[in-house]
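Let me begin by presenting the structure, written as structure tokens, before commenting on it.
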Amino acid sequence: MFDLSRPRGTRDFSPNDMASRRRIEEEFRKLLTSYGYGEVQTPAFEHADLFIARSGPQVIDQLYDFKDKGGRHMALRPELTAPVMRYYSTELKSMPKPLRVFYFGNCFRYERPQRGRFREFWQLGIEYIGRRTPLACSEVISISMEAMERAKINDHRVRIGHIGIVRSLLGTIGIDTENYRDLMIAIDKKDKIAMERIMCDEVEDAHEITSLLTTLVPKDHAPKTLSDMSIDHPDLKDAIDHLRSILHLLDDQQGRVHFDPSITRGLDYYEGMVFEIDIPSLGAEKQVCGGGEYSLSNILGSEVEGIGFGIGFDRVMMAIADSERDALPTGGFYIIPLGESANVMARHVQRDLTAAGHRCIMEAQGRGLKKALSIATSMGARYAVIIGEEEVGSGEFSLKDLVTGDQRRIAFKGLSKLEGVFHDQ
RNA sequence: GCCGGGGUGGUGUAGCCUGGUAGCAUCGGGGACUGUGGAUCCCCUCGCCCGAGUUCAAAUCUCGGCCCCGGCCCCA
């Protein structure tokens with residue numbers, strides 16, 4: 001006997017799970033479609049180089065890669081932005097700008113599983129490829145927030161920053177670019193000690209360091225509002241104006257949006273506005289969405305700029321209240337053929353009813369009437385269709401309302417007239 | 001990769017400290033009841049994560065592995 005267990009970090013989804021997941025998925029699709037985004041799909045695996053080329057060692061360590069039978073180095077996709085950009089740069093390029101696309105698919109990373117982190121997980125995202133105007137930025141952020149609302153999540157918060165602000169500030173005190181990466185990570189983690197350590201190697205003026213730290217790291221990790229930012233540096237004016245315009249357009253009535261200059265995002269291709277959404281109640285893996293403005297000229301070899309975000313679909317599902325989860329569909333008919341002579345008519349009735357869009361389940365185990373009615377009820381059917389020798393002989397079937405108990409004979413030919421006579425629920 | 005807490009029928013649990021018969025609930029299958037249902041009663045299937053060690057004897061104690069949960073890291 002071989003190992004029947006499920007691979008580590010993967011999940012099976014029950015019919016109930018899938019009912020909930022599909023409903024939310026559809027809700028998201030409707031949202032994105034209504035904003036003019038078109039869905040694209042790319043392969044589950046790609047040439048490994050697509051992911052390796054510009055990635056750090058962490059991404060590569062987590063890559064599910066393999067040699068195919070032709071000796072090619074392939075990898076399961078760890079994220080969807082690169083494949084979508086690959087698609088864009090080869091085929092979608094000629095489409096009118098701006099190009100609005102969205103994607104939904106599974107991704108694979110060899111990680112240590114824990115709550116909210118899996119080796120196979122689903123990501124939903126959009127890309128707005130075109131000029132990064134404040135209106136376009138606010139559209140993208142707004143869609144991500146509306147997605148949370150559609151999922152009926154109400155404790156999320158949005159943090160918006162700007163990578164240009166951080167870069168400029170560091171530039172003013174002459175920090176060596178080679179240390180940007182470590183420093184950016186330290187800033188993103190709000191790790192003052194690491195920030196100070198890295199910066200002390202570069203600058204001598206303690207006052208400058210201190211003021212910089214206070215500017216970048218909100219007190220008590222509390223989000224700040226943009227108006228708290230009092231930086232007079234000419235390089236920053238454009239960035240701050242840009243953010244102001246975006247925030248103004250977001251028209252955040254519920255106070256979800258906060259300014260957090262410490263967001264730097266890990267990826268190299270981000271520049272300008274960046275944002276994250278998290279749901280505090282999720283615990284350690286609370287970030288459900290991340291995105292921002294990017295430029296991909298250095299990666300794809302051609303000038304591509306845009307705005308996008310990725311949503312962790314599984315984390316959204318975890319945050320959805322149990323009361324919002326779906327039950328399996330109920331209602332409709334349960335057909336009970338009694339004896340072999342009833343089978344043919346039973347199949348015909350089932351075909352007609354399902355063709356008319358009704359849920360219609362066949363008693364196919366040969367159970368007796370009593371047992372079958374009991375099953376019909378427990379499966380949530382509204383009506384039982386009873387077909388026995390009597391019915392076959394007269395070309396009729398018995399239709400029993402399982403809620404009221406009423407029962408009547410219906411001519412098989414009169415099936416189409418069922419509409420409106422009974423409540424299919 | 002690191003640090004904690006756990007793994008008992010499909011599901012939820014008792015038993016573990018203080019070694020000896022694995023109990024309960026629910027779900028699933030069947031029957032009482034061969035053409036009229038959510039009830040009741042009865043019967044049945046299915047389990048100590050894996051391996052090694054200690055012992056007359058291990059679900060229980062020891063070690064290793066695997067897996068799950070929480071945290072770190074990173075991210076979604």
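Because only heavy atoms are used, hydrogens play no part in the values below, and waters and symmetry mates are left out as well, while side chains stay in. In what follows, every chain begins at residue 1, and chains take the letters A, B, ... in the order their sequences are listed.
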Notebook entry, point to check: Is a side-chain N or O of A:Arg77 found less than 3.5 angstrom from the main chain of A:Ala82, in a donor-acceptor match?
Noted result: no
Check: For the side chain of A:Leu338, counting heavy atoms from C-beta on, which of B:C68, B:G35, B:C75 is nearest?
Finding: B:G35
Check: With a 4.0 Å cut-off, would you call A:Arg115 and A:Glu285 a salt bridge?
Finding: no
Margin query: Under a 3.5 Å distance rule, please check whether A:Glu293 uses its side chain to pair with a backbone N or O of A:Met273 as donor and acceptor.
Written below: yes
Notebook entry, point to check: Separation of A:Arg408 atom CZ from B:U36 atom P, in whole Å?
Noted result: 21 Å
Check: For A:Met74, what residues pass the side chain to side chain contact (heavy atoms under 4.5 Å, CB included) criterion, not counting sequence neighbours?
Finding: A:Phe45, A:His47, A:Phe66, A:Asp68, A:Arg72
Next item on the list: Provide, to the nearest angstrom, the distance between the CD atom belonging to A:Gln365 and the P atom belonging to B:G29.
Entry: 8 Å
Notebook entry, point to check: Expressed as a whole number of Å, how far does the C1' atom of B:C48 sit from that of B:U21?
Noted result: 15 Å
Checklist line | Inter-nucleotide P distance (B:G65, B:G4), Å rounded | finding: 13 Å
Notebook entry, point to check: Given atom CZ of A:Phe102 and atom C1' of B:A76, what is their separation to the nearest angstrom?
Noted result: 18 Å
Item checked: Partners meeting side-chain hydrogen bond (donor to acceptor under 3.5 Å, both in side chains) with A:Arg23 (sequence neighbours left out) -> A:Asp326
Check: Is A:Gly368 touching bases, backbone alone, or none of the nucleic acid, heavy atoms closer than 4.0 Å?
Finding: nothing
Next item on the list: Quick one: list whatever passes side chain to side chain contact (heavy atoms under 4.5 Å, CB included) with A:Ser281, sequence neighbours left out.
Entry: A:Asp155, A:Ile279
Next item on the list: Taking atom P in both B:C3 and B:G64, compute the distance separating them and give it to the nearest angstrom.
Entry: 12 Å
Note to self: Tell me which nucleotide, if any, is Watson-Crick or G-U wobble paired with B:C67 when both distances must be under 3.5 Å.
What the structure shows: B:G6
Notebook entry, point to check: What one-letter contact string describes nucleotides 38-43 of chain B from 5' to 3', where B marks a base within less than 4.0 Å of any protein heavy atom, S marks contact via sugar-phosphate atoms alone, and - marks no contact?
Noted result: B-----
Checklist line | Those residues that, when tested against A:Glu91, pass side chain to side chain contact (heavy atoms under 4.5 Å, CB included) (two or more places apart) | finding: A:Tyr87
Next item on the list: Go through B:C75, B:G29, B:G35 for me and flag the one nearest to the A:Glu390 side chain.
Entry: B:G35
Margin query: Between P on B:A76 and NE2 on A:His156, what's the gap in Å once rounded to a whole number?
Written below: 18 Å
Note to self: What is the separation between atom CD1 on A:Ile375 and atom C1' on B:C27, rounded to the nearest whole Å?
What the structure shows: 12 Å
Notebook entry, point to check: Just how far, in rounded Å, is P of B:U11 from CG of A:Asp17?
Noted result: 14 Å
Check: Taking CE from A:Met318 and C1' from B:G70, how many angstroms apart are they, rounded to a whole number?
Finding: 13 Å
Margin query: Quick check on contacts: within residues 107-125 of chain A, what sits under 4.0 Å from RNA chain B by heavy-atom distance?
Written below: A:Arg109, A:Glu111, A:Arg112, A:Gln114, A:Arg115, A:Gly116, A:Arg117, A:Phe118, A:Phe121, A:Gln123
Next item on the list: Identify whether any heavy atom of A:Arg11 sits under 4.0 Å from a base atom; if not, whether one sits that close to sugar-phosphate; answer base, sugar-phosphate or nothing.
Entry: nothing
Check: Is there a Watson-Crick or G-U wobble partner for B:U11 with both distances under 3.5 Å, and if so, which one is it?
Finding: B:A25
Checklist line | Lys NZ or Arg CZ of A:Arg21 over A:Trp122 ring: under 6.0 Å, within 45° | finding: yes
Item checked: Rounded P spacing from B:G20 to B:A57 in Å -> 14 Å
Next item on the list: Is it possible for you to check whether A:Arg119 lies under 6.0 Å from the centre of the six-membered ring of A:Tyr110, through NZ or CZ, and within 45° of that ring's axis?
Entry: yes
Item checked: Pair A:Glu390 + A:Arg409: basic N to acidic O under 4.0 Å -> yes
Check: Across all strands shown, which nucleotide pairs with B:A52 by Watson-Crick or G-U wobble geometry, both distances under 3.5 Å?
Finding: B:U62
Check: What is the nucleic acid contact for A:Arg315, judged by heavy atoms within less than 4.0 Å: base, sugar-phosphate only, or nothing?
Finding: base
Checklist line | Between B:A59 and B:C17 - C1' atom distance, rounded Å | finding: 14 Å
Checklist line | 5'-most by nearest nucleotide on RNA chain B - A:Glu389 or A:Gly9 | finding: A:Glu389
Next item on the list: Find the distance A:Arg8:CZ to B:G1:P and express it as a whole number of Å.
Entry: 9 Å
Note to self: Taking any heavy-atom pair under 4.0 Å as a contact, classify A:Ile386: base, sugar-phosphate, or nothing.
What the structure shows: base
Next item on the list: Determine the interatomic distance between C1' on B:C46 and the same-named atom on B:G5; round to the nearest Å.
Entry: 29 Å
Check: Quick one: is A:Lys370 getting a side-chain N or O under 4.0 Å of the B:G37 phosphate, OP1 or OP2?
Finding: yes
Check: With no hydrogens and no angle check, is any side-chain donor or acceptor of A:Glu139 less than 3.5 Å from a backbone partner on A:Ile141?
Finding: no
Next item on the list: With P as the reference atom in both, quote the distance from B:C2 to B:C56 in angstrom, rounded to an integer.
Entry: 38 Å
Check: What's the verdict on ring-ring contact (aromatic ring centres under 6.0 Å, His included) for A:Phe313 and A:Phe104, showing C-alpha distance, side-chain angles and the deciding distance?
Finding: CA-CA 9 Å; A:Phe313 187 73; A:Phe104 178 75; 4.9 Å; yes
Note to self: Taking donor-acceptor contacts at under 3.5 Å, does the side chain of A:Gln407 reach the base of B:G35?
What the structure shows: no
Next item on the list: Taking atom C1' in both B:U60 and B:C16, compute the distance separating them and give it to the nearest angstrom.
Entry: 4 Å
Item checked: Watson-Crick or G-U counterpart of B:A32, or none if no pair lies under 3.5 Å -> B:U40
Next item on the list: Name the pairing partner of B:C46, where a pair is Watson-Crick or G-U wobble with both distances under 3.5 Å, or state none.
Entry: none
